[in-house]
Amino acid sequence: MNLFYFSSPATFYRLAGWMAPWFFALALLLGIAGMYYGFAVAPTDAVQGEVYRVIFIHVPAAWMSMFLYFVMAVYSGVSLSFNTRLGAMMARAIAPTGAMMTFVALWTGAFWGRPTWGTYWAWDARMTSELVLLFLYFGYIALSNAFDDPRRGDRAAALLALIGLVNLPIIYFSVHWWNTLHQGSSVKLTGTTMHVAMLTAMLLMTFSFWMYSIATALTRVRSIILERERRTRWVREL
Amino acid sequence: MNHQYYLWMSYGATAIAMALELAILLARRARAKRMIEEERDLEAQD
């Protein structure tokens, strides 16, 4: 099978339309399971009490904010290197969801920080670098829409996405490089310090957010394809 | 304030953000379809 077959907007439009509802359904099912584990199975935290349950959306949103930026930058790099139309469209489709995840991570972090640290916000390295990520998403969206010719917007925004990649290791390692208010990772490749029910709830919600992000990106890229290809015969024949 | 306030503010805001994103997605899709209809009308006039 020729993989380039799916790089055609016409083919991918149909494929995305077939896949998106399945990803939405998976996101919903995993979200329900995650909420059940998070509120009915996971025990109350000995130190933080009930408020720790914010982590079941805070951590998945923070992970997805970085992961989506990385995927967006990869699509941008592919689009710049090979001049592919679909790569640029996918990067554009991911950006708003990435920005939303970053906002959710910052917002929920503030409402976790207030009862546990005594403040909604501190200019701490982890929080500040996550805020920079939100501005990078805003910058990408603004720059990609700042040109009359969308292909020029694609190229300018792709460059910004690639430059902004440098922020990802800063976010991830900030808690090790600087003395921060934000605690270090509880989940590592080598193991975890979390209760198994808490970890299960957090991972279920992470997969739910992941599926949601794929579903929204696929739905959005279908609209982008229609907007850009509206003068082509295949779109008019839809 | 008790823990319920912080939990509602977190989960509620997340639900609103997702609902808003889905509403914007639907609106964008409707706008794209309107653009295609306009193109079809222009072609029919030619």
Side-chain angles (χ1 to χ4, degrees), chain A residues 20 24 27 31 35 38-39 44-45 48-58 60-61 93 96-97 99-101 103-116 120 205 209 212-213 215-233 235-238, chain B:
Chain A
F24 271 123
M35 295 282 273
F39 283 88
T44 304
D45 187 82
Q48 298 178 32
E50 298 294 338
V51 83
Y52 92 93
R53 295 182 203 277
V54 172
I55 67 161
F56 300 137
I57 43 174
H58 172 69
T97 305
M100 193 275 282
M101 289 291 175
F103 167 76
V104 167
L106 288 166
W107 180 272
T108 55
F111 280 90
W112 185 27
R114 183 71 183 89
T116 50
Y120 285 106
M205 291 302 281
F209 278 25
Y212 169 87
S213 303
T216 50
L218 289 176
T219 307
R220 191 175 291 110
V221 82
R222 274 166 61 85
S223 296
I224 295 171
I225 290 172
L226 286 184
E227 287 162 11
R228 291 203 183 179
E229 306 273 308
R230 65 183 184 276
R231 294 191 179 89
T232 59
R233 181 179 292 274
V235 169
R236 289 188 202 175
E237 288 172 355
L238 278 174
Chain B
M1 273 173 275
N2 62 13
H3 68 268
Q4 283 188 356
Y5 167 75
Y6 299 105
L7 286 175
W8 273 110
M9 287 302 284
S10 300
Y11 280 82
T14 305
I16 290 169
M18 285 183 167
L20 201 64
E21 183 177 26
L22 294 176
I24 292 169
L25 273 179
L26 289 175
R28 185 170 188 173
R29 175 133 185 97
R31 195 188 66 187
K33 287 195 166 174
R34 271 201 309 277
M35 287 165 81
I36 295 166
E37 285 303 318
E38 285 168 12
E39 288 292 331
R40 281 197 190 119
D41 290 345
L42 280 174
E43 193 184 41
Q45 284 171 15
D46 289 342

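So you know, we letter chains A, B, ... as the sequences are listed, proteins then strands, and number each from 1. Owing to the predicted nature of the structure, the values given are computational and were not obtained by experimental measurement.
Only the side chain of A/Y212 comes within contact range of chain B, with heavy atoms under 4.5 Å apart. B/R40 touches chain A through its side chain: at least one heavy atom from C-beta onward sits under 4.5 Å away, while N, CA, C and O do not. Only the side chain of A/V104 comes within contact range of chain B, with at least one heavy atom under 4.5 Å from a heavy atom of that chain.
Between chain B and the options A/I57, A/T216, A/V54, A/T219, heavy-atom pairs under 4.5 Å are most frequent for A/I57.
B/L22 has its side chain within reach of A/F24: a pair of non-hydrogen atoms, C-beta onward, lies under 4.5 Å apart. Within the 4.5 Å cutoff, no side-chain heavy atoms of A/R53 are placed close to those of B/Y6.
Legend: ring-ring contact (aromatic ring centres under 6.0 Å, His included) pairs involving residues 9-33 of chain B, not counting sequence neighbours, sorted by first then second residue: A/F39-B/Y11.
For B/E21 and A/R220, the salt-bridge test passes: some basic side-chain N is under 4.0 Å from an acidic carboxylate O.
Aromatic ring orientation, A/Y52 versus A/F56: perpendicular (interplanar angle above 60°, classes split at 30° and 60°).
For residues 222-229 of chain A, a heavy-atom distance under 4.5 Å to chain B picks out A/R222, A/S223, A/I224, A/L226, A/E227, given by residue number.
If you take CD1 on B/I36 and CZ on A/R231, they are separated by 11.5 Å, rounding to the nearest 0.5 Å.
Residues meeting the side-chain contact (heavy atoms from CB on, under 4.5 Å) test with A/T116, sequence neighbours left out: A/Q48, A/V51, A/W112. With sequence neighbours left out, B/Q45 forms a side-chain contact (heavy atoms from CB on, under 4.5 Å) with B/L42.
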